[in-house]
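Convention: sequence-line order gives letters A, B, ...; per-chain numbering from 1. Values in this document were obtained by computation on a predicted structure and should not be read as measured data.
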Protein chains: 2
Amino acid sequence: MAKDNKIEAFKCCPIDYGFKRIGGKYKGRILYYLYEAKVLRYGELSRAVADITTKMLTQSLKELEADGLINREMFPVVPPKVEYSITDRGRKLIPFIKELMEWSLEQMKTENISPIFFSKPQSQ
Amino acid sequence: MAKDNKIEAFKCCPIDYGFKRIGGKYKGRILYYLYEAKVLRYGELSRAVADITTKMLTQSLKELEADGLINREMFPVVPPKVEYSITDRGRKLIPFIKELMEWSLEQMKTENISPIFFSKPQSQ
DNA sequence: CAGAATCCCGAAGGATACTG
DNA sequence: CAGTATCCTTCGGGATTCTG
């Protein structure tokens, strides 16, 4: 698997390691929405991350679960019901995501960009 | 440029906005090395980010500069000399990067992975 | 020394249709 | 409802060569 003598920074460099797990186009938002809402079903997530396709949502959720950042609970009912929630491990990333958000909001203000959160507030 | 009615989250969603600017394979490390070393020349950066190509280094530096995260100072001498440093705006991202690093180091410990920082410590 | 210029590839992601 | 399965496109990034 390891390409011979190639350095694979994402395996040993802590910065790369982190970005590999939280990077990607949607993982940050998924984690944050789960943090906000406590628990979300597949369909709810699909609506929260407004512009995501089922392929990317499923794939992102699988990777996040494999990395121990979220939990997946399946209920054997008809129609199917699956609930996702953030783990303690995943929750530890929230301060980092919040910090990035704060920074972004600050920068966006200087560019006169109005922020839009794609999450649907669960209490409003 | 904007594809009609397509939602472009990275323009208005603060999470995406941030990841767009700090994401990519090397930007996090570049910023962090510049933060540590205060100022680095092109060649020094090239050695610090051990596995980067000139193409990606140049490209990353340009984008970081365009986003106001780093400074580029050129000295009209022969041979050429160019120094890069982090801006105040870029420095604000450091706590966020550090937090990610902490998290990564913690996870890597549970996986028995020894972290390797590709930066060359400037005082050692 | 500090890049620029090409050519190229693989993986990330998109669109669409289908299923238990 | 909660996904699979395919096919297709884009583009981030790699390798190499060249230049002021």
- request: Verify the contact: side-chain N or O of B/Arg47 to OP1 or OP2 of C/dA2, cut-off strictly under 4.0 Å; return yes or no.
  value: no

- prompt: Shared ILVMFWY cluster between A/Met74 and A/Leu45, side chains joined below 4.5 angstrom?
  reply: yes

message: Does D/dA2 have its OP1 or OP2 closer than 4.0 Å to a side-chain nitrogen or oxygen of A/Arg41?
response: yes

Could you list, one pair per line, each protein nitrogen or oxygen that sits under 3.5 Å from a nitrogen or oxygen of nucleotides 18-20 of chain D, together with the distance?
none

field: Positive for salt bridge (Lys or Arg N to Asp or Glu O under 4.0 Å) with B/Lys92, one of A/Glu106, A/Glu102, A/Glu99
entry: A/Glu106

task: Pick base, sugar-phosphate or nothing for A/Tyr84, based on heavy-atom distances below 4.0 Å to the nucleic acid.
output: sugar-phosphate

message: Tell me the interatomic distance from A/Leu40, atom CG, to D/dA2, atom P, rounded to whole angstroms.
response: 11 Å

Report, one pair per line, the protein and nucleotides 10-13 of chain C atoms (nitrogen or oxygen only) whose separation is under 3.5 Å.
{"unit_1": "C/dG13", "atom_1": "OP1", "unit_2": "A/Lys25", "atom_2": "N", "d": "3.0"}
{"unit_1": "C/dG13", "atom_1": "N7", "unit_2": "A/Lys55", "atom_2": "NZ", "d": "3.0"}
{"unit_1": "C/dG13", "atom_1": "O6", "unit_2": "A/Lys55", "atom_2": "NZ", "d": "3.3"}

B/Thr54 and B/Tyr42 side chains, donor-acceptor separation under 3.5 Å: no

task: Let me know which of B/Ile86, B/Leu69, B/Leu64 forms a side-chain contact (heavy atoms from CB on, under 4.5 Å) with B/Ile30.
output: B/Leu64

Aromatic plane relationship, A/Phe96 with A/Phe19 - under 30° parallel, 30 to 60° tilted, over 60° perpendicular: perpendicular

query: Rounding to a whole Å, what distance do you find between A/Ile52:CD1 and C/dG14:C1'?
result: 11 Å

- request: Can you tell me the distance, in whole Å, between the CZ atom of A/Arg72 and the P atom of D/dA2?
  value: 10 Å

message: Can you measure B/Arg29 atom CZ to D/dG13 atom P for me and round it to whole angstrom units?
response: 12 Å

- request: Please report, rounded to the nearest Å, how far the C1' atom of D/dC1 is from the CD atom of A/Glu83.
  value: 13 Å

message: Between A/Ile94 and A/Leu105, is there shared hydrophobic-cluster membership here, with clusters defined by ILVMFWY side-chain heavy atoms closer than 4.5 Å?
response: yes

- request: To the nearest Å, give me how far apart CD (B/Glu44) and C1' (C/dC1) are.
  value: 12 Å

field: Minimum-distance pair of heavy atoms, taken over all atoms of A/Leu93 and A/Leu31
entry: CD1-CD1, 4.1 Å

- prompt: Linking I/L/V/M/F/W/Y whenever their side-chain heavy atoms sit closer than 4.5 Å, directly or via other members, would A/Val78 and A/Val82 fall into one cluster?
  reply: no

Rounded interatomic separation in angstrom, taking CG from A/Leu57 and P from D/dT4: 11 Å

query: Of all the nucleotides listed (C/dA2, C/dA4, C/dA17), which has the minimum atom distance to the side chain of B/Thr54?
result: C/dA4

- prompt: Does the ring centre of A/Phe10 sit less than 6.0 Å away from the ring centre of A/Tyr17?
  reply: no

- prompt: Just how far, in rounded Å, is C1' of C/dA2 from CD of B/Glu73?
  reply: 15 Å

